[in-house]
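Please read the structure below before turning to the comments.
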Amino acid sequence: MSANNTKNKEQVDSSSVDNFIKELEAKEKDLDISSDLVIEVDDSDVEHDNIHDSFVPARPSSPHSAGKSNGFMDDDLGSSDSREKEATEKITKLTEERDTLKEALLRRTRDFDNHRQRTERERSETFASIVCNLAGQTLPVIDNLNRALDAFSDTNGKDRERDFQTFLEGIVLVNQQLNEVLSSMGVQSIPAKGQEFDPKYHEAVETEETNEFPPKTVISEILRGYKVDDRVIRASMVKVSSAKSSEESKN
């Protein structure tokens, strides 16, 4: 009896479940629910406090994922290190170039000082050589002049009058010898008397009105001038003629 009741009860339950499923399918057809249906939920219907309380940040599953999340930071650190290294290399290179230029400047300064000292020494030696050469050529002239003066000073009154002509001839020879020495060094006397006045070679210290010479003509030479080629050592001091006025010419 109990077995039959149990069996009947299972049949009733299964039939009731089947009927409930059929009712649900009928209601689904009436509502026309599809898979594309989107259910919107208003923010007011959700409690934010519950959301924050229920939110738990996800942890990286492995060390590799943590390394990937810090990739940008690692790249920035690497780029800054490379820039710092590049700047250090540039500073080192500029320092080496500065030291090289400084050493070259000091070397050139020393070379210039040595060249200047050598030039001054050579110039001094050249000047001393010229002076020695000039003195060596003029010493015989001075010796002859001293001999003539000594010989003339040792004579008595009568002998002095008689030997004056010999003394004068000796002075002429000394003057000739001295001019030869100057000529060997390229020193020449400037022609003056009878020449037209040239301010490059002549210096007028006196003028004279005369009709014997054309105007601006050197009448006489007061002090002889000398030159080397076209370079004037000393200009000749001369007297220059000028034209007479008309009244003086009539008188």
Side-chain angles (χ1 to χ4, degrees), residues 112-251:
F112 177 76
D113 292 338
N114 293 333
H115 175 71
R116 180 173 55 82
Q117 294 175 1
R118 184 172 60 254
T119 303
E120 292 179 356
R121 185 170 58 255
E122 291 177 355
R123 185 181 301 174
S124 300
E125 292 176 356
T126 302
F127 179 75
S129 177
I130 292 174
V131 171
C132 292
N133 187 19
L134 177 61
Q137 294 182 14
T138 54
L139 285 178
V141 179
I142 296 174
D143 293 338
N144 291 332
L145 182 61
N146 290 331
R147 291 191 189 98
L149 292 174
D150 292 340
F152 185 74
S153 61
D154 291 339
T155 56
N156 297 325
K158 296 181 180 179
D159 295 336
R160 180 174 298 180
E161 294 178 359
R162 185 184 58 189
D163 294 337
F164 180 77
Q165 186 66 28
T166 305
F167 173 76
L168 183 61
E169 292 177 356
I171 294 297
V172 171
L173 293 175
V174 170
N175 183 43
Q176 182 179 356
Q177 188 178 7
L178 182 59
N179 288 330
E180 291 176 356
V181 172
L182 294 176
S183 178
S184 65
M185 292 185 296
V187 180
Q188 299 175 355
S189 60
I190 298 175
K193 188 175 181 179
Q195 301 291 325
E196 183 180 0
F197 178 77
D198 188 352
K200 181 179 179 181
Y201 299 107
H202 304 144
E203 182 179 354
V205 295
E206 187 179 354
T207 58
E208 181 180 348
E209 295 181 353
T210 179
N211 292 327
E212 297 180 1
F213 298 94
K216 296 183 179 180
T217 302
V218 177
I219 299 175
S220 62
E221 183 181 53
I222 300 174
L223 185 63
R224 183 169 298 179
Y226 294 91
K227 66 179 181 177
V228 176
D229 295 332
D230 291 335
R231 183 176 180 178
V232 178
I233 300 175
R234 185 182 68 186
S236 299
M237 295 182 181
V238 296
K239 180 190 291 186
V240 184
S241 65
S242 62
K244 287 186 177 182
S245 61
S246 59
E247 295 180 358
E248 291 181 355
S249 61
K250 289 179 181 179
N251 293 330

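Atom CG of Asn114 is surrounded by more than 12 heavy atoms from other residues, nucleotides or ligands within 6.0 Å. Within a 6.0 Å sphere centred on CZ of Arg116, other residues, nucleotides and ligands contribute more than 12 heavy atoms. Taking a 6.0 Å sphere around CD of Glu196, one finds it holds 12 or fewer heavy atoms contributed by other residues, nucleotides or ligands. Atom CD of Glu212 has 12 or fewer heavy atoms from other residues, nucleotides or ligands within 6.0 Å.
Checking side-chain atoms of Asn175 against main-chain N and O of Ile171 turns up no donor-acceptor pair under 3.5 Å. Between the side chain of Ser124 and the backbone N or O of Glu120 there is at least one donor-acceptor pair closer than 3.5 Å. Asp198 places a side-chain N or O within donor-acceptor distance of the main-chain N or O of Lys200, the cut-off being under 3.5 Å.
Pairs engaging residues 130-140 under the side-chain hydrogen bond (donor to acceptor under 3.5 Å, both in side chains) rule: Asn133-Gln137, Gln137-Ser184 [sequence neighbours left out].
Here the shortest heavy-atom pairing between Pro215 and Ala243 reads CG-CB, 4.0 Å. Smallest separation of non-hydrogen atoms from Asn144 and Gln177: ND2-OE1, 2.6 Å.
With sequence neighbours excluded, the residues satisfying salt bridge (Lys or Arg N to Asp or Glu O under 4.0 Å) with Lys239 are Glu206, Glu208. Partners of Arg224 under the salt bridge (Lys or Arg N to Asp or Glu O under 4.0 Å) rule, at least two apart in sequence or in another chain, are Glu221.
Residues Thr217 and Phe197 form no side-chain contact, since every pair of their non-hydrogen atoms from C-beta on lies 4.5 Å or further apart. Counting heavy atoms from C-beta on, the side chains of Ile233 and Val187 come closer than 4.5 Å. Between Glu180 and Val141 the shortest side-chain heavy-atom distance does not fall below 4.5 Å. By the 4.5 Å heavy-atom criterion applied to side chains, Leu182 and Tyr226 are counted as neighbours. The side-chain heavy atoms of Leu173 and Gln176, taken from C-beta on, include a pair separated by under 4.5 Å. In this structure, the side chains of Val240 and Val238 come closer than 4.5 Å at one or more pairs of heavy atoms.
To the nearest 0.5 Å, the span separating CG on Asp143 from CG on Leu145 amounts to 9.5 Å. To the nearest 0.5 angstrom, Lys227 atom NZ is 9.5 Å from Ser236 atom OG. Atom CD in Glu122 sits 8.5 Å away from atom NE2 in His115 (nearest 0.5 Å). Annotation: the span from Ile219 atom CD1 to Thr210 atom OG1 amounts to 6.0 Å, rounded to 0.5 Å. The distance from atom CD1 of Ile130 to atom CG of Leu134, rounded to the nearest 0.5 Å, is 9.5 Å. Considering CD of Glu203 and CD1 of Ile190, their distance stands at 11.0 Å, rounded to 0.5 Å.
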> When you look at Val205 and Ile222, which way does the side-chain contact (heavy atoms from CB on, under 4.5 Å) test go after all the steps?
Replying inline: CA-CA 9 Å; Val205 295; Ile222 300 174; 3.2 Å; yes

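With Pro191 as the fixed residue, the side chain to side chain contact (heavy atoms under 4.5 Å, CB included) test singles out one of Gln195, Lys193, Gln188: Gln195.
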